[in-house]
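All remarks here apply to the structure that follows.
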Amino acid sequence: MNTLAELRRRFAAALQPLTDQDLQPLVDMVRPSQDARHGDYQANCAMPLGKRLGQPPRQLAQQIVDGLDVAAFCHPPQIAGPGFINLTLRDDWLEKQLNAALTDPRLGIDQAADRRTYVIDYSAPNVAKPMHVGHIRSTVIGDALTRTLRFLGHRVISDNHIGDWGTQFGMIIYGYKHFLNPQAYREAPVQELARLYRLVNQLVEYHQGRAGLRAAQKRVAQLTEQLEAQREAPPRADPKEEKRAAKALKKTEHQVAAARHDLETLTGKLKQVETDGTLGPLARENADIASAVLRETANLHAGDETNRALWQEFLPYCLEDIDRIYRRLKVQFDDTLGESYYQDRLASVVSELQAKKIASHSDGAICVFLEGYQTPMIVQKQDGAFLYATTDLATIQYRQQTWRPDVILYVVDHRQSLHFQQLFATARRWGYDNIDFAHVQFGTVLGDDRRPFKTRAGTTVGLEGLLDEAVQRALAVVSQNDDLKETPELSPEDRQRIAEIVGIAALKYADLSQNRESDYIFSYDKMLALNGNTATYMQYAYARVRNIFVKGDVDRDRLHESGAVITLAHPAERALGLALIRLSEALEASLEDYRPNQITTYLFEMSEKYSTFYQECPVLKAQTAAQRASRLLLCDLTGRTLKLGLSLLGIEVVEKM
RNA sequence: GCGCCCGUAGCUCAAUCGGAUAGAGCAGCGGACUUCUAAUCCGCAGGUUGCAGGUUCGAUUCCUGCCGGGCGUGCCA
């Protein structure tokens, strides 16, 4: 049962006779108290309503309380301050909820009343390119939303909209035709294809870098010159002008620094290739590689038989490669329908948009012009090629035909927000206005230096290396802790298995616990910290719960069959009990704005309550048999709540750590 | 230039569509292990929520201006 939802229903009934206005906003003002001194829940609706009705808010609060039927689960409501209504749950009612949850596999959490169909579009890497740190947020957030929605009874289709039709295949095809090591390909095709991709990409970047070197040098020179001029300019008479000039100067200084930095990394990269015994000659021999790669890509799209056959051959290997990472992350998709899947729909999408006068010719391209946007959304280029906007529209069409979703969620980073605004607006004009579209956007992963997370050498960090590093560090933590015990309990195999779970969990949790909209600073140390809002802390809490049952040789089934019940006597027991009945509130809150950090915050607070309880309330050595049984049941419910809550985030627990 | 987002404790972050005395964790200081895992717990200190106005019973939240930062911006995804 969702206590908050129930309280809101009761308030709606009490408010009904007092106003004929929309009750929803008023009812939403019933919420958990932030401060325990104001009770467990509070209603703040008397102030705004009193204002609208021209009545003193405290008097109105009294009227609401008079008509409020909550005696079964609350102490008499208290009116405080300007008109807050404070509610405190009765212990006997709390106990009833907890004892009911004990016998329910869903821990007393109801399924949603309105079950809807969701398509969730997340992860979406470009296959054939190694996955990197940028893919983790989409994958982890999308997976958590999928699991949570599903648990609440919604129909969810998770769809990995992979990039399987882009230039990266042109690169591999070119590499295959020119640089293949046949034996390596036979023995380990995935690795060989990855090598070809990296090699060709490096060569393309080299030549693009060479081509851009002049411009970069020129830019530095130009900006430096501009900077000198600005510095030597005489002071302005007008203070306003002077201020503006100072600002412009500062801006130029930044630009010079950035341009120098760019130039340095560029020359560094060029030098690296030129001095390399293998790469240097290859670079010279393949001077037109960039345009050749584009030709291979265009041929693929045009239906060239050789390239199609190669694409068909490569794709399974590429999928195998990303599947290895998904298996490790324990992420699964219902469908993996990439860009290539929609190729034969694109032309008709464009002609349909034209027929409906939604799209029109402009500068040789076909564009959708939207009110309120300076730039149009281009659906077909001058050269006839389609763009990702076209594919996204075709995808919406397919999803509507196939699943008739109520909602489509796109878990994609915030830099694409303009694209999605235009996409959704176009889709609505096209007739898909019964679908609720949402861009579930998230910020960039940054390094300590607040720049996008890179290795020391300046290359992007591969996702696999990231997982390895997290697991390796988790192994050190687990081992260190086990060594500190009087008699270490874990075999090397145990430690390795636990480290895999703890390391991956830390990585996922660090991401999920952040408000998804802000950029976040990546830190192994922080995510594997043993205190604070981390997965490790909660897994530890879970392991301590389980250990009590081991140490006390308590059989859970027999405990439940014994007829024992939870009674809340100690303040720490009550605080824990209150937290335990609120998982459903946290789940609902997290789905309101698609923010998994609502769940992590809940789990952290609940774990803290457990840690306090653990400290203050002996379980196995409780005073009486009834108290011991009650506390054991509280522990059991805590463990199950942790396990369930974490599982909805895609995070596993361990029995020992 | 235009558009979107952000600015909260020394650091990393919260704050449940305007609620009561802005909360955590690190880092700092002080306590608690003959007792179920001290990977823990308890306490102290730390703030003009970028700045200046405005809206009202009440503002981190809404509006205006300014300062500082990020991202995007007609043929990449």
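Throughout, a chain's letter reflects where its sequence line sits, starting with A, and its residues are numbered from 1. A quick note: this is a predicted structure, and the numbers were derived from the prediction, not measured.
When each of B:C75, B:A15, B:C2 is scored by its nearest atom to the side-chain atoms of A:Leu387, the top-ranked nucleotide is B:C75. Closest to the side chain of A:Gln598, out of B:G74, B:A15, B:G70, is B:A15.
In B:C33 the O4'-C1'-N dihedral to the base is within 90° of 0, which defines a syn nucleotide.
Among the atoms of the strands shown, none is found under 4.0 Å from any heavy atom of A:Glu585. Nucleic acid contact class of A:Cys635 (heavy atoms, under 4.0 Å, all strands): none. Base engagement by A:Asn547 is indicated by at least one non-hydrogen atom pair under 4.0 Å involving a base atom. Within 4.0 Å of A:Cys617, counting heavy atoms only, lies at least one base atom of the nucleic acid. Within 4.0 Å (heavy atoms only), A:Ala586 reaches no atom of the nucleic acid at all. A:Tyr520 comes within 4.0 angstrom of the backbone, heavy atoms only, and of no base. Across all strands shown, A:Pro25 has no heavy atoms under 4.0 Å from either base or sugar-phosphate atoms. Residue A:Leu418 is classed as a sugar-phosphate contact, given heavy-atom separations below 4.0 Å to backbone atoms only. Among the protein residues, A:Pro57 comes within range of no part of the nucleic acid, since none of its heavy atoms lies under 4.0 Å from any strand. Within 4.0 Å of A:Ala589, counting heavy atoms only, lies no atom of the nucleic acid at all. At the heavy-atom level, A:Gln42 lies under 4.0 Å from base atoms of the strands shown. If you check every strand for non-hydrogen atoms under 4.0 Å, A:Gln34 touches a base. A:Met657 comes within 4.0 angstrom of a nucleotide base, judged by non-hydrogen atoms across all strands. Among the atoms of the strands shown, none is found under 4.0 Å from any heavy atom of A:Asn533.
Checked against A:Ser123 for a side chain to side chain donor-acceptor pair (under 3.5 Å), the options A:Asp159, A:Thr139, A:Thr336 give a single hit: A:Thr139. Results of the ring-ring contact (aromatic ring centres under 6.0 Å, His included) test with A:Tyr410 over A:Phe424, A:Phe442, A:Tyr594 single out A:Phe424 as the only residue that passes.
Rounded to a whole angstrom, the distance from the C1' atom of B:A45 to that of B:G1 is 49 Å. Between the C1' atoms of B:C42 and B:G18, the separation comes to 35 Å (whole Å). The same atom, P, is picked in B:G50 and in B:A14; the two are 14 Å apart, to the nearest Å. Taking the C1' atoms as reference points, B:U12 lies 12 Å from B:U8, given to the whole Å.
Using a 4.0 Å cut-off, some side-chain N or O of A:Arg31 falls inside it from OP1 or OP2 of B:C17. Contact check, A:Thr600 against B:C13: no side-chain N or O comes under 4.0 Å of OP1 or OP2. For A:Arg544 and B:A38, the shortest distance from a side-chain N or O to OP1 or OP2 is below 4.0 Å. Regarding contacts with the backbone of B:C42, a side-chain N or O of A:Thr612 is found under 4.0 angstrom from either OP1 or OP2. Checking the phosphate oxygens (OP1, OP2) of B:C57, a side-chain nitrogen or oxygen of A:Lys51 falls inside 4.0 Å. Here A:Tyr602 does not reach the OP1 or OP2 of B:A14: none of its side-chain N or O atoms lies under 4.0 Å away. Regarding contacts with the backbone of B:C13, a side-chain N or O of A:Gln514 is found under 4.0 angstrom from either OP1 or OP2. For B:G74, neither phosphate oxygen OP1 nor OP2 lies less than 4.0 angstrom from any side-chain nitrogen or oxygen of A:Lys381.
For a distance-only test at 3.5 Å, the side chain of A:Thr444 fails to qualify as a donor-acceptor partner of the base of B:G70. Interface remark: the A:Asn515 side chain does not form any donor-acceptor pair with the B:A15 base, using a distance-only criterion of under 3.5 Å.
Comparing A:Lys656 and A:Met47, the nucleotide of RNA chain B nearest to each residue sits closer to the 5' end for A:Met47. Between A:Glu608 and A:Val619, the residue anchored closer to the 5' end of RNA chain B is A:Glu608, taking for each the nucleotide with the nearest heavy atom.
We find that A:Arg495 and A:Asp483 are joined by a salt bridge, their nearest charged nitrogen and carboxylate oxygen being less than 4.0 Å apart. With respect to A:Asp494 and A:Lys656, no salt bridge is recorded, no charged nitrogen being found less than 4.0 Å from a carboxylate O. A salt bridge links A:Arg574 with A:Asp40; the closest basic N to acidic carboxylate O contact falls under 4.0 Å.
Note that A:Arg582 lies in the cation-pi zone of A:Tyr41, set by a 6.0 Å cut-off to the ring centre and a 45° limit from the axis. A cation-pi arrangement is present between A:Arg546 and A:Phe549, with the terminal nitrogen or guanidinium carbon under 6.0 Å from the aromatic centre and inside a 45° cone about the axis.
No side-chain heavy atom of A:Thr167 sits under 4.5 Å from any side-chain heavy atom of A:Glu296. In this structure the side chain of A:Val502 reaches within 4.5 angstrom of the side chain of A:Met657, judged on heavy atoms.
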Just to be sure I follow the notation: if a pair is Watson-Crick (purine N1 to pyrimidine N3 plus N6-O4 or O6-N4) or a G-U wobble (N1-O2 and O6-N3), each under 3.5 Å, what dot-bracket string does RNA chain B give, with | for pairs to another strand? (((((((..((((.....[...)))).(((((.......))))).....(((((..]....))))))))))))....
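Within 6.0 Å of atom CG in A:Asp553, 12 or fewer heavy atoms from other residues, nucleotides or ligands are found, so the atom counts as exposed in its surroundings.
Residue ring and nucleobase are stacked for A:Phe84 and B:A20, with a centre distance beneath 5.5 angstrom and an angle between planes beneath 30°. Remark: ring of A:His419 not stacked against base of B:A77; the cut-offs of centroid gap under 5.5 Å and plane tilt under 30° are not jointly satisfied.
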